[in-house]
Amino acid sequence: MLDRKYILENLEAVKENCRNRNMQVDVDRFAQLEALRREKQRLSEDLNREANAVSKSIGQAKTPEEREERKERGRAVREQAAALKAELDRIEAELDTVWRAIPNMAHPDAPIGDDDTCNTTRDYGKTPVPTYDFTPLDHVELAEKLDLIDFEGGARVAGSGFYFLKNEAVLLELALQQYAVNTLMRAGFTPVTTPDMAKNDILQGTGYIPRGNETQIYSIENTQLSMIATAEITIGGLMAGRVIEAERLPLRLCGISHCFRTEAGAAGRASRGLYRVHQFTKIEMFAFTLPQQSEAMHLELLGLERQIFDGLGIPYRVVDTATGDLGGPAWRKYDLEAWMPGRNEYGEVTSTSNCTDYQARRLGARYSVKGEKGTHFLHTLNGTAIAVSRALVAIMELYQQKDGSIAVPEALRPYTGFDIIRRKDA
RNA sequence: GGAGAGGUGGCAGAGUGGUCGAAUGCGCGGGUUUGCUAAACCCGUGAGCUCGUAAGGGCUCCGCAGGUUCAAAUCCUGUCCUCUCCGCCA
(Lines give C-alpha, C1' and ligand atoms only; values in the text may rest on other atoms or scores of the structure.)
Protein backbone atom coordinates (compact mmCIF):
# COMPACT_ATOMS: atom_id res chain seq x y z
CA MET A 1 0.00 0.00 0.00
CA LEU A 2 0.95 3.59 -0.39
CA ASP A 3 1.25 5.94 2.55
CA ARG A 4 -2.15 7.45 3.32
CA LYS A 5 -0.85 10.96 3.67
CA TYR A 6 1.12 10.63 0.49
CA ILE A 7 -2.06 9.73 -1.40
CA LEU A 8 -3.96 12.72 -0.04
CA GLU A 9 -1.11 15.09 -0.75
CA ASN A 10 -0.48 13.74 -4.25
CA LEU A 11 -3.97 12.91 -5.39
CA GLU A 12 -3.45 13.85 -9.02
CA ALA A 13 -0.16 11.98 -9.34
CA VAL A 14 -1.72 8.88 -7.79
CA LYS A 15 -4.65 9.04 -10.20
CA GLU A 16 -2.38 9.49 -13.16
CA ASN A 17 -0.34 6.53 -12.00
CA CYS A 18 -3.51 4.41 -11.88
CA ARG A 19 -4.29 5.45 -15.44
CA ASN A 20 -0.74 4.67 -16.57
CA ARG A 21 -1.04 1.28 -15.00
CA ASN A 22 -4.34 0.64 -16.63
CA MET A 23 -6.04 0.14 -13.26
CA GLN A 24 -9.45 1.42 -12.33
CA VAL A 25 -9.35 2.64 -8.76
CA ASP A 26 -11.58 5.26 -7.20
CA VAL A 27 -8.89 7.40 -5.64
CA ASP A 28 -11.35 10.19 -4.90
CA ARG A 29 -13.39 7.74 -2.88
CA PHE A 30 -10.28 6.98 -0.88
CA ALA A 31 -9.76 10.66 -0.14
CA GLN A 32 -13.38 11.02 0.86
CA LEU A 33 -13.33 8.02 3.16
CA GLU A 34 -10.03 9.02 4.68
CA ALA A 35 -11.36 12.45 5.58
CA LEU A 36 -14.41 10.85 7.09
CA ARG A 37 -12.31 8.36 8.99
CA ARG A 38 -10.20 11.09 10.51
CA GLU A 39 -13.23 12.99 11.63
CA LYS A 40 -14.84 9.95 13.23
CA GLN A 41 -11.56 8.93 14.74
CA ARG A 42 -11.29 12.28 16.43
CA LEU A 43 -14.80 12.04 17.84
CA SER A 44 -14.20 8.49 18.94
CA GLU A 45 -11.09 9.51 20.82
CA ASP A 46 -12.95 12.32 22.54
CA LEU A 47 -15.53 9.87 23.81
CA ASN A 48 -12.86 7.43 24.94
CA ARG A 49 -11.11 10.16 26.84
CA GLU A 50 -14.30 11.08 28.60
CA ALA A 51 -15.12 7.46 29.38
CA ASN A 52 -11.66 6.90 30.82
CA ALA A 53 -11.99 9.98 32.99
CA VAL A 54 -15.34 8.85 34.31
CA SER A 55 -14.04 5.38 35.08
CA LYS A 56 -11.09 6.80 36.92
CA SER A 57 -13.34 9.02 39.02
CA ILE A 58 -15.44 6.09 40.21
CA GLY A 59 -12.65 4.73 42.35
CA GLN A 60 -12.47 8.11 44.06
CA ALA A 61 -16.19 8.54 44.63
CA LYS A 62 -16.93 9.50 48.23
CA THR A 63 -20.43 8.09 48.62
CA PRO A 64 -22.27 5.09 47.21
CA GLU A 65 -24.78 7.41 45.60
CA GLU A 66 -22.07 9.36 43.84
CA ARG A 67 -20.53 6.11 42.78
CA GLU A 68 -23.74 4.84 41.21
CA GLU A 69 -24.32 8.12 39.52
CA ARG A 70 -20.90 8.03 37.90
CA LYS A 71 -21.29 4.43 36.86
CA GLU A 72 -24.46 5.35 35.06
CA ARG A 73 -22.64 8.18 33.36
CA GLY A 74 -19.87 5.79 32.36
CA ARG A 75 -22.34 3.34 30.87
CA ALA A 76 -23.89 6.07 28.77
CA VAL A 77 -20.58 7.35 27.45
CA ARG A 78 -19.32 3.87 26.64
CA GLU A 79 -22.48 3.12 24.77
CA GLN A 80 -22.02 6.18 22.59
CA ALA A 81 -18.39 5.32 22.08
CA ALA A 82 -19.24 1.78 20.98
CA ALA A 83 -21.75 3.02 18.42
CA LEU A 84 -19.24 5.43 17.00
CA LYS A 85 -16.57 2.76 16.95
CA ALA A 86 -18.84 0.49 14.93
CA GLU A 87 -19.32 3.24 12.41
CA LEU A 88 -15.61 3.86 12.31
CA ASP A 89 -14.95 0.17 11.71
CA ARG A 90 -17.28 0.16 8.74
CA ILE A 91 -15.54 3.15 7.25
CA GLU A 92 -12.13 1.61 7.80
CA ALA A 93 -13.16 -1.64 6.17
CA GLU A 94 -14.29 0.13 3.03
CA LEU A 95 -11.29 2.41 3.10
CA ASP A 96 -9.01 -0.58 3.36
CA THR A 97 -10.50 -2.19 0.28
CA VAL A 98 -9.96 0.90 -1.82
CA TRP A 99 -6.56 1.49 -0.28
CA ARG A 100 -5.30 -1.96 -1.15
CA ALA A 101 -6.44 -1.53 -4.73
CA ILE A 102 -4.24 1.52 -5.27
CA PRO A 103 -1.03 0.35 -6.94
CA ASN A 104 2.48 1.43 -6.10
CA MET A 105 3.82 4.52 -7.81
CA ALA A 106 6.10 3.87 -10.77
CA HIS A 107 9.70 4.81 -11.40
CA PRO A 108 9.77 8.02 -13.47
CA ASP A 109 11.82 6.26 -16.14
CA ALA A 110 9.58 3.21 -16.44
CA PRO A 111 8.04 3.16 -19.92
CA ILE A 112 4.44 4.30 -19.88
CA GLY A 113 1.94 2.11 -21.69
CA ASP A 114 -1.08 -0.10 -21.27
CA ASP A 115 0.47 -3.55 -21.65
CA ASP A 116 3.52 -5.60 -22.54
CA THR A 117 3.60 -4.28 -26.11
CA CYS A 118 4.94 -1.06 -24.61
CA ASN A 119 7.83 -2.72 -22.79
CA THR A 120 11.16 -1.45 -23.96
CA THR A 121 14.28 -3.45 -24.60
CA ARG A 122 17.24 -2.15 -22.67
CA ASP A 123 19.96 -4.54 -23.64
CA TYR A 124 20.93 -8.02 -24.79
CA GLY A 125 22.89 -10.84 -23.22
CA LYS A 126 26.39 -11.91 -24.17
CA THR A 127 25.30 -14.96 -26.10
CA PRO A 128 24.16 -14.31 -29.68
CA VAL A 129 20.91 -15.80 -30.98
CA PRO A 130 21.94 -18.99 -32.75
CA THR A 131 21.15 -19.95 -36.33
CA TYR A 132 20.54 -23.54 -37.36
CA ASP A 133 21.29 -25.50 -40.50
CA PHE A 134 18.37 -27.73 -39.63
CA THR A 135 14.83 -27.10 -38.47
CA PRO A 136 14.96 -26.80 -34.68
CA LEU A 137 12.38 -28.71 -32.71
CA ASP A 138 10.53 -27.30 -29.74
CA HIS A 139 11.16 -28.67 -26.28
CA VAL A 140 8.01 -30.80 -26.31
CA GLU A 141 9.18 -32.68 -29.37
CA LEU A 142 12.69 -32.95 -27.99
CA ALA A 143 11.41 -34.21 -24.66
CA GLU A 144 9.35 -36.81 -26.46
CA LYS A 145 12.25 -38.12 -28.51
CA LEU A 146 14.67 -38.14 -25.58
CA ASP A 147 12.15 -39.35 -22.99
CA LEU A 148 12.69 -36.39 -20.70
CA ILE A 149 9.21 -35.24 -19.71
CA ASP A 150 5.97 -37.16 -19.19
CA PHE A 151 3.17 -34.67 -19.81
CA GLU A 152 0.50 -37.34 -20.21
CA GLY A 153 1.39 -38.93 -16.92
CA GLY A 154 1.25 -35.54 -15.24
CA ALA A 155 -2.18 -34.91 -16.71
CA ARG A 156 -3.47 -38.31 -15.63
CA VAL A 157 -2.29 -37.86 -12.10
CA ALA A 158 -2.86 -34.17 -11.45
CA GLY A 159 -4.47 -32.76 -14.56
CA SER A 160 -3.37 -30.72 -17.50
CA GLY A 161 -0.50 -28.39 -16.66
CA PHE A 162 1.34 -30.94 -14.53
CA TYR A 163 4.20 -33.13 -15.66
CA PHE A 164 6.84 -35.57 -14.59
CA LEU A 165 10.42 -34.73 -15.41
CA LYS A 166 12.28 -37.92 -16.30
CA ASN A 167 15.80 -39.17 -16.73
CA GLU A 168 18.37 -36.46 -17.51
CA ALA A 169 15.76 -33.72 -17.16
CA VAL A 170 15.63 -34.50 -13.45
CA LEU A 171 19.36 -34.05 -13.13
CA LEU A 172 19.16 -30.87 -15.16
CA GLU A 173 16.64 -29.50 -12.68
CA LEU A 174 18.92 -30.35 -9.77
CA ALA A 175 21.93 -28.93 -11.59
CA LEU A 176 20.15 -25.67 -12.31
CA GLN A 177 19.26 -25.33 -8.65
CA GLN A 178 22.82 -25.95 -7.53
CA TYR A 179 24.28 -23.66 -10.12
CA ALA A 180 21.97 -20.83 -9.14
CA VAL A 181 22.31 -21.28 -5.40
CA ASN A 182 26.10 -21.48 -5.60
CA THR A 183 26.23 -18.36 -7.73
CA LEU A 184 24.05 -16.50 -5.25
CA MET A 185 25.91 -17.69 -2.19
CA ARG A 186 29.09 -16.31 -3.70
CA ALA A 187 27.24 -13.03 -4.11
CA GLY A 188 26.45 -12.92 -0.40
CA PHE A 189 22.96 -14.42 -0.37
CA THR A 190 21.74 -16.61 2.46
CA PRO A 191 20.06 -19.66 0.93
CA VAL A 192 16.82 -20.93 2.43
CA THR A 193 14.28 -23.51 1.54
CA THR A 194 10.83 -22.22 2.30
CA PRO A 195 7.42 -23.65 3.02
CA ASP A 196 5.48 -24.33 -0.17
CA MET A 197 2.37 -23.05 1.57
CA ALA A 198 1.72 -19.83 3.43
CA LYS A 199 -1.04 -18.26 5.47
CA ASN A 200 -3.44 -16.15 3.53
CA ASP A 201 -2.59 -12.95 5.36
CA ILE A 202 1.03 -13.39 4.33
CA LEU A 203 -0.13 -13.82 0.73
CA GLN A 204 -2.11 -10.63 1.01
CA GLY A 205 0.79 -8.81 2.60
CA THR A 206 2.95 -9.59 -0.39
CA GLY A 207 0.19 -8.50 -2.74
CA TYR A 208 -1.28 -11.83 -3.79
CA ILE A 209 -4.99 -12.48 -3.59
CA PRO A 210 -5.70 -15.95 -2.22
CA ARG A 211 -9.32 -16.25 -3.23
CA GLY A 212 -11.68 -14.85 -5.80
CA ASN A 213 -12.44 -15.21 -9.45
CA GLU A 214 -9.14 -14.16 -10.88
CA THR A 215 -6.89 -15.69 -8.31
CA GLN A 216 -3.73 -17.36 -9.50
CA ILE A 217 -3.45 -19.11 -6.18
CA TYR A 218 -4.45 -22.58 -5.05
CA SER A 219 -5.94 -22.45 -1.60
CA ILE A 220 -6.30 -25.33 0.78
CA GLU A 221 -9.87 -26.01 1.72
CA ASN A 222 -10.86 -25.60 5.36
CA THR A 223 -7.63 -23.87 6.25
CA GLN A 224 -6.11 -20.41 6.12
CA LEU A 225 -3.35 -21.74 3.87
CA SER A 226 -2.56 -21.41 0.20
CA MET A 227 0.07 -22.94 -2.04
CA ILE A 228 2.65 -20.29 -2.79
CA ALA A 229 3.06 -18.88 -6.29
CA THR A 230 6.66 -17.89 -5.55
CA ALA A 231 9.09 -17.91 -2.64
CA GLU A 232 8.75 -14.13 -2.68
CA ILE A 233 5.65 -14.74 -0.59
CA THR A 234 7.28 -16.76 2.13
CA ILE A 235 10.53 -14.82 2.27
CA GLY A 236 8.73 -11.48 2.31
CA GLY A 237 6.59 -12.93 5.07
CA LEU A 238 9.68 -13.60 7.15
CA MET A 239 9.81 -9.93 8.11
CA ALA A 240 6.07 -9.42 8.48
CA GLY A 241 5.33 -7.39 11.58
CA ARG A 242 8.98 -7.16 12.53
CA VAL A 243 11.46 -4.38 13.08
CA ILE A 244 15.08 -4.79 12.06
CA GLU A 245 18.07 -2.59 12.96
CA ALA A 246 19.22 -0.48 10.02
CA GLU A 247 22.85 -1.58 10.33
CA ARG A 248 21.89 -5.17 9.49
CA LEU A 249 20.60 -4.10 6.08
CA PRO A 250 20.58 -4.93 3.29
CA LEU A 251 19.46 -8.53 3.76
CA ARG A 252 20.00 -10.83 0.79
CA LEU A 253 18.16 -14.13 0.75
CA CYS A 254 17.59 -16.73 -1.90
CA GLY A 255 14.84 -19.27 -1.57
CA ILE A 256 14.25 -22.62 -3.16
CA SER A 257 10.61 -23.48 -3.43
CA HIS A 258 7.96 -24.94 -5.62
CA CYS A 259 5.58 -22.49 -7.22
CA PHE A 260 1.94 -23.25 -7.84
CA ARG A 261 -0.22 -21.22 -10.19
CA THR A 262 -3.73 -21.87 -11.38
CA GLU A 263 -3.08 -19.86 -14.56
CA ALA A 264 -6.75 -18.94 -14.56
CA GLY A 265 -7.69 -17.33 -17.83
CA ALA A 266 -4.41 -18.35 -19.45
CA ALA A 267 -5.89 -21.08 -21.63
CA GLY A 268 -5.20 -20.47 -25.28
CA ARG A 269 -2.20 -18.32 -24.64
CA ALA A 270 1.10 -19.71 -25.82
CA SER A 271 1.33 -22.43 -23.26
CA ARG A 272 2.61 -25.56 -24.96
CA GLY A 273 4.68 -27.91 -22.86
CA LEU A 274 6.63 -26.59 -19.91
CA TYR A 275 6.19 -22.94 -20.73
CA ARG A 276 3.08 -22.33 -18.63
CA VAL A 277 2.52 -24.98 -15.99
CA HIS A 278 0.75 -25.25 -12.65
CA GLN A 279 3.84 -26.26 -10.72
CA PHE A 280 7.53 -25.60 -11.08
CA THR A 281 10.66 -25.20 -9.01
CA LYS A 282 12.19 -21.79 -8.62
CA ILE A 283 15.25 -20.23 -7.06
CA GLU A 284 14.22 -16.78 -6.01
CA MET A 285 16.29 -13.84 -4.86
CA PHE A 286 14.88 -11.49 -2.26
CA ALA A 287 16.29 -8.41 -0.57
CA PHE A 288 15.23 -6.19 2.30
CA THR A 289 16.94 -2.81 2.10
CA LEU A 290 16.97 0.75 3.33
CA PRO A 291 15.09 3.09 0.99
CA GLN A 292 18.31 4.61 -0.31
CA GLN A 293 19.70 1.15 -1.13
CA SER A 294 16.89 -0.27 -3.20
CA GLU A 295 17.71 1.27 -6.56
CA ALA A 296 21.24 -0.14 -6.47
CA MET A 297 19.96 -3.47 -5.17
CA HIS A 298 17.56 -3.71 -8.06
CA LEU A 299 20.43 -3.38 -10.51
CA GLU A 300 22.39 -5.91 -8.47
CA LEU A 301 19.58 -8.44 -8.80
CA LEU A 302 19.32 -7.78 -12.51
CA GLY A 303 23.08 -8.16 -12.80
CA LEU A 304 22.91 -11.56 -11.11
CA GLU A 305 20.16 -12.73 -13.42
CA ARG A 306 22.28 -11.70 -16.36
CA GLN A 307 25.32 -13.41 -14.90
CA ILE A 308 23.34 -16.61 -14.44
CA PHE A 309 21.93 -16.63 -17.98
CA ASP A 310 25.16 -15.47 -19.59
CA GLY A 311 26.82 -18.29 -17.70
CA LEU A 312 24.34 -20.75 -19.17
CA GLY A 313 25.02 -19.48 -22.66
CA ILE A 314 21.42 -18.45 -23.17
CA PRO A 315 20.72 -15.48 -25.43
CA TYR A 316 18.28 -13.03 -23.91
CA ARG A 317 17.07 -9.50 -23.97
CA VAL A 318 16.49 -7.26 -20.97
CA VAL A 319 13.08 -5.68 -20.91
CA ASP A 320 11.98 -2.63 -18.95
CA THR A 321 8.38 -3.35 -18.07
CA ALA A 322 5.74 -0.82 -19.07
CA THR A 323 3.55 0.71 -16.37
CA GLY A 324 0.46 -1.16 -17.52
CA ASP A 325 2.23 -4.49 -17.10
CA LEU A 326 3.79 -3.73 -13.72
CA GLY A 327 1.10 -5.23 -11.50
CA GLY A 328 0.27 -3.72 -8.12
CA PRO A 329 3.39 -3.72 -5.95
CA ALA A 330 6.25 -3.03 -8.39
CA TRP A 331 7.83 0.39 -8.74
CA ARG A 332 9.99 -0.88 -11.55
CA LYS A 333 10.42 -4.26 -13.12
CA TYR A 334 12.95 -5.78 -15.46
CA ASP A 335 12.42 -9.11 -17.19
CA LEU A 336 14.94 -11.32 -18.89
CA GLU A 337 13.45 -12.90 -21.98
CA ALA A 338 15.36 -15.83 -23.38
CA TRP A 339 15.41 -16.72 -27.04
CA MET A 340 13.36 -19.86 -27.54
CA PRO A 341 13.85 -21.43 -30.97
CA GLY A 342 10.76 -23.62 -30.59
CA ARG A 343 8.57 -20.55 -30.24
CA ASN A 344 10.78 -18.56 -32.56
CA GLU A 345 10.53 -15.67 -30.14
CA TYR A 346 11.68 -14.44 -26.80
CA GLY A 347 9.97 -15.83 -23.72
CA GLU A 348 10.13 -14.50 -20.17
CA VAL A 349 12.52 -16.44 -17.95
CA THR A 350 13.13 -14.06 -15.07
CA SER A 351 11.60 -10.99 -13.56
CA THR A 352 12.99 -8.65 -10.94
CA SER A 353 10.96 -6.01 -9.16
CA ASN A 354 11.68 -3.19 -6.80
CA CYS A 355 8.56 -2.91 -4.66
CA THR A 356 9.95 0.00 -2.60
CA ASP A 357 7.96 0.27 0.63
CA TYR A 358 4.67 -0.89 -0.91
CA GLN A 359 4.88 -4.53 0.19
CA ALA A 360 6.62 -3.64 3.43
CA ARG A 361 3.79 -1.35 4.47
CA ARG A 362 1.26 -4.12 4.00
CA LEU A 363 3.47 -6.60 5.75
CA GLY A 364 4.47 -4.24 8.55
CA ALA A 365 8.16 -4.87 7.81
CA ARG A 366 10.11 -2.01 9.33
CA TYR A 367 13.57 -0.87 10.36
CA SER A 368 14.83 1.35 13.10
CA VAL A 369 17.90 3.53 13.21
CA LYS A 370 19.96 3.51 16.37
CA GLY A 371 19.53 6.68 18.36
CA GLU A 372 16.47 7.76 16.40
CA LYS A 373 12.92 7.51 17.56
CA GLY A 374 10.36 5.55 15.60
CA THR A 375 10.58 3.16 12.69
CA HIS A 376 10.34 3.26 8.91
CA PHE A 377 9.25 0.80 6.28
CA LEU A 378 11.81 -1.33 4.54
CA HIS A 379 12.13 -1.64 0.82
CA THR A 380 11.64 -5.10 -0.65
CA LEU A 381 12.94 -6.48 -3.91
CA ASN A 382 12.64 -9.80 -5.60
CA GLY A 383 14.07 -11.43 -8.65
CA THR A 384 14.05 -14.80 -10.32
CA ALA A 385 17.39 -16.55 -10.33
CA ILE A 386 16.12 -19.66 -12.09
CA ALA A 387 12.57 -20.71 -12.84
CA VAL A 388 13.44 -24.29 -13.67
CA SER A 389 10.63 -25.01 -16.13
CA ARG A 390 11.27 -21.96 -18.28
CA ALA A 391 15.03 -22.41 -18.06
CA LEU A 392 14.58 -25.99 -19.26
CA VAL A 393 12.59 -24.82 -22.25
CA ALA A 394 15.38 -22.46 -23.23
CA ILE A 395 18.21 -24.91 -22.60
CA MET A 396 16.58 -27.83 -24.41
CA GLU A 397 15.68 -25.79 -27.44
CA LEU A 398 18.91 -23.81 -27.63
CA TYR A 399 21.28 -26.68 -27.00
CA GLN A 400 19.68 -29.14 -29.40
CA GLN A 401 22.01 -30.65 -31.98
CA LYS A 402 21.39 -31.67 -35.55
CA ASP A 403 21.35 -35.34 -34.51
CA GLY A 404 18.52 -34.73 -32.05
CA SER A 405 20.67 -34.80 -28.94
CA ILE A 406 20.89 -31.98 -26.42
CA ALA A 407 24.23 -30.68 -25.18
CA VAL A 408 24.51 -29.71 -21.52
CA PRO A 409 25.61 -26.10 -20.89
CA GLU A 410 29.18 -26.00 -19.70
CA ALA A 411 28.21 -24.39 -16.40
CA LEU A 412 25.94 -27.28 -15.48
CA ARG A 413 28.27 -30.15 -16.30
CA PRO A 414 29.99 -30.19 -12.91
CA TYR A 415 26.55 -30.85 -11.42
CA THR A 416 25.02 -33.19 -13.99
CA GLY A 417 28.02 -35.42 -14.52
CA PHE A 418 27.22 -35.78 -18.21
CA ASP A 419 27.61 -33.40 -21.13
CA ILE A 420 25.08 -34.61 -23.66
CA ILE A 421 21.61 -36.13 -23.69
CA ARG A 422 21.03 -38.72 -26.40
CA ARG A 423 18.20 -40.96 -27.48
CA LYS A 424 17.95 -43.99 -25.23
CA ASP A 425 17.37 -46.33 -28.16
CA ALA A 426 20.18 -44.99 -30.32
C1' G B 1 -4.08 -37.83 17.38
C1' G B 2 -4.15 -37.76 23.28
C1' A B 3 -2.55 -35.13 27.98
C1' G B 4 -0.51 -30.87 30.11
C1' A B 5 2.03 -25.83 30.29
C1' G B 6 2.52 -21.17 28.30
C1' G B 7 2.24 -16.65 24.94
C1' U B 8 3.71 -9.47 28.63
C1' G B 9 8.60 -4.05 26.12
C1' G B 10 15.28 -5.72 22.17
C1' C B 11 15.87 -10.11 25.69
C1' A B 12 14.80 -12.42 30.48
C1' G B 13 10.87 -12.03 33.74
C1' A B 14 7.01 -9.94 37.57
C1' G B 15 2.14 -8.61 37.47
C1' U B 16 -5.38 -12.10 39.20
C1' G B 17 -10.15 -6.03 38.29
C1' G B 18 -9.05 0.72 38.95
C1' U B 19 -3.03 3.57 41.83
C1' C B 20 -0.28 -0.70 35.05
C1' G B 21 2.10 1.18 29.05
C1' A B 22 3.31 -2.16 32.83
C1' A B 23 8.17 -3.94 38.65
C1' U B 24 13.05 -5.84 38.38
C1' G B 25 17.39 -7.50 35.79
C1' C B 26 20.13 -7.57 31.24
C1' G B 27 20.96 -4.89 26.87
C1' C B 28 21.14 -0.07 24.60
C1' G B 29 21.92 5.65 24.75
C1' G B 30 23.79 9.79 27.63
C1' G B 31 26.49 11.53 31.95
C1' U B 32 29.71 11.50 36.57
C1' U B 33 34.09 9.40 38.42
C1' U B 34 38.81 7.64 36.24
C1' G B 35 46.44 7.77 33.49
C1' C B 36 43.59 4.35 29.53
C1' U B 37 40.10 0.40 29.48
C1' A B 38 36.95 -1.76 32.86
C1' A B 39 34.11 -1.34 37.23
C1' A B 40 30.89 1.73 40.15
C1' C B 41 27.16 5.41 40.33
C1' C B 42 23.29 8.75 38.08
C1' C B 43 19.74 9.80 34.18
C1' G B 44 17.21 8.07 29.95
C1' U B 45 15.32 4.07 26.87
C1' G B 46 8.46 0.24 23.19
C1' A B 47 5.17 1.14 18.84
C1' G B 48 1.20 3.37 15.90
C1' C B 49 -2.18 7.35 15.31
C1' U B 50 -3.37 12.31 16.64
C1' C B 51 -3.36 17.72 18.67
C1' G B 52 0.54 21.46 19.33
C1' U B 53 5.66 26.19 16.38
C1' A B 54 7.53 23.89 20.74
C1' A B 55 7.31 22.28 25.65
C1' G B 56 3.84 18.95 26.21
C1' G B 57 -1.03 16.53 25.75
C1' G B 58 -4.72 12.76 23.98
C1' C B 59 -6.27 7.86 21.89
C1' U B 60 -4.92 2.77 20.87
C1' C B 61 -1.74 -1.58 21.61
C1' C B 62 0.25 -7.03 27.11
C1' G B 63 -0.48 -13.42 20.49
C1' C B 64 -5.35 -12.53 17.76
C1' A B 65 -10.86 -11.98 17.86
C1' G B 66 -15.04 -11.52 20.78
C1' G B 67 -17.65 -11.24 25.77
C1' U B 68 -18.53 -9.59 31.11
C1' U B 69 -17.79 -4.72 33.75
C1' C B 70 -18.41 2.21 34.78
C1' A B 71 -13.33 -0.02 34.40
C1' A B 72 -9.55 -5.97 31.82
C1' A B 73 -2.52 -7.64 30.92
C1' U B 74 -5.64 -9.52 34.98
C1' C B 75 -12.26 -12.77 34.60
C1' C B 76 -15.05 -15.71 30.43
C1' U B 77 -15.36 -17.82 25.22
C1' G B 78 -13.20 -18.85 20.66
C1' U B 79 -8.85 -18.96 17.79
C1' C B 80 -3.64 -19.06 16.35
C1' C B 81 1.15 -20.17 17.87
C1' U B 82 5.07 -22.25 21.04
C1' C B 83 6.92 -25.85 24.52
C1' U B 84 6.83 -30.71 27.35
C1' C B 85 5.13 -35.82 27.67
C1' C B 86 2.62 -40.07 25.15
C1' G B 87 1.15 -42.35 20.50
C1' C B 88 1.96 -42.56 15.20
C1' C B 89 5.21 -41.52 11.23
C1' A B 90 9.02 -39.79 6.21
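In this text the structure is predicted, and so the values were computed from the model without any measurement. Chain A is the first sequence line, chain B the second, and so forth, proteins listed ahead of strands; every chain is numbered from 1.
The partner of U32(B) is A40(B), by the rule that a Watson-Crick or G-U pair needs both atom distances under 3.5 Å. Shown here, U68(B) forms no base pair; nothing in the strands shown gives a Watson-Crick or G-U wobble contact with both key distances under 3.5 Å. The partner of G27(B), taking Watson-Crick or G-U wobble pairs whose two distances both stay under 3.5 Å, is U45(B). Pair assignment for G6(B) gives C81(B), based on Watson-Crick or G-U wobble hydrogen-bonding distances that are each under 3.5 Å. C88(B) is unpaired under the Watson-Crick or G-U wobble criterion, no partner having all donor-acceptor distances under 3.5 Å. The pairing partner recorded for C20(B) is none, the criterion being a Watson-Crick or G-U wobble arrangement whose two distances lie under 3.5 angstrom. Remark: A54(B) base-pairs with no nucleotide; criterion is Watson-Crick or G-U wobble with both hydrogen-bond distances under 3.5 Å.
In terms of the side chain to side chain donor-acceptor pair (under 3.5 Å) criterion, Asp116(A) has no residue partners (sequence neighbours excluded). Phe164(A) meets the side-chain contact (heavy atoms from CB on, under 4.5 Å) test with Asp150(A), Val157(A); sequence neighbours excluded. For the ring pair (Phe, Tyr, Trp, His ring centres under 6.0 Å) test, no residue two or more places apart in sequence or in another chain qualifies with Phe309(A). Evaluation of the side chain to side chain donor-acceptor pair (under 3.5 Å) rule for Asn10(A) yields no partner, not counting sequence neighbours.
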Extract from the structure each pairing of a protein N or O with an N or O of nucleotides 43-49 of chain B at less than 3.5 Å, listing the distance.
| unit_1 | atom_1 | unit_2 | atom_2 | d |
| --- | --- | --- | --- | --- |
| A47(B) | OP1 | Gly374(A) | N | 3.2 |
| A47(B) | O2' | Arg366(A) | NH1 | 3.2 |
| G48(B) | OP1 | Thr375(A) | N | 3.1 |
| G48(B) | OP1 | Thr375(A) | OG1 | 2.9 |

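The phosphate of C59(B) (OP1 or OP2) has no side-chain N or O of Arg42(A) nearer than 4.0 angstrom.
Comparing Glu245(A) and Asn48(A) along RNA chain B, the residue whose closest nucleotide (by nearest heavy atom) sits nearer the 5' end is Glu245(A).
Atom CD in Glu92(A) sits roughly 12 Å away from atom P in U50(B) (whole-Å rounding).
Heavy atoms only, all atoms of each residue included: Ile202(A) and Gly237(A) are closest at CG2-CA, 3.8 Å.
Residue pairs satisfying the ring-ring contact (aromatic ring centres under 6.0 Å, His included) criterion with at least one member in residues 364-397 of chain A, sequence neighbours excluded, are listed as follows: Tyr367(A)-His376(A).
Spacing of C1' atoms, U68(B) relative to U77(B), comes out at 11 Å, to the nearest Å.
You'll find that the side chain of Asn52(A) is closest to U60(B), out of U50(B), U60(B), G18(B).
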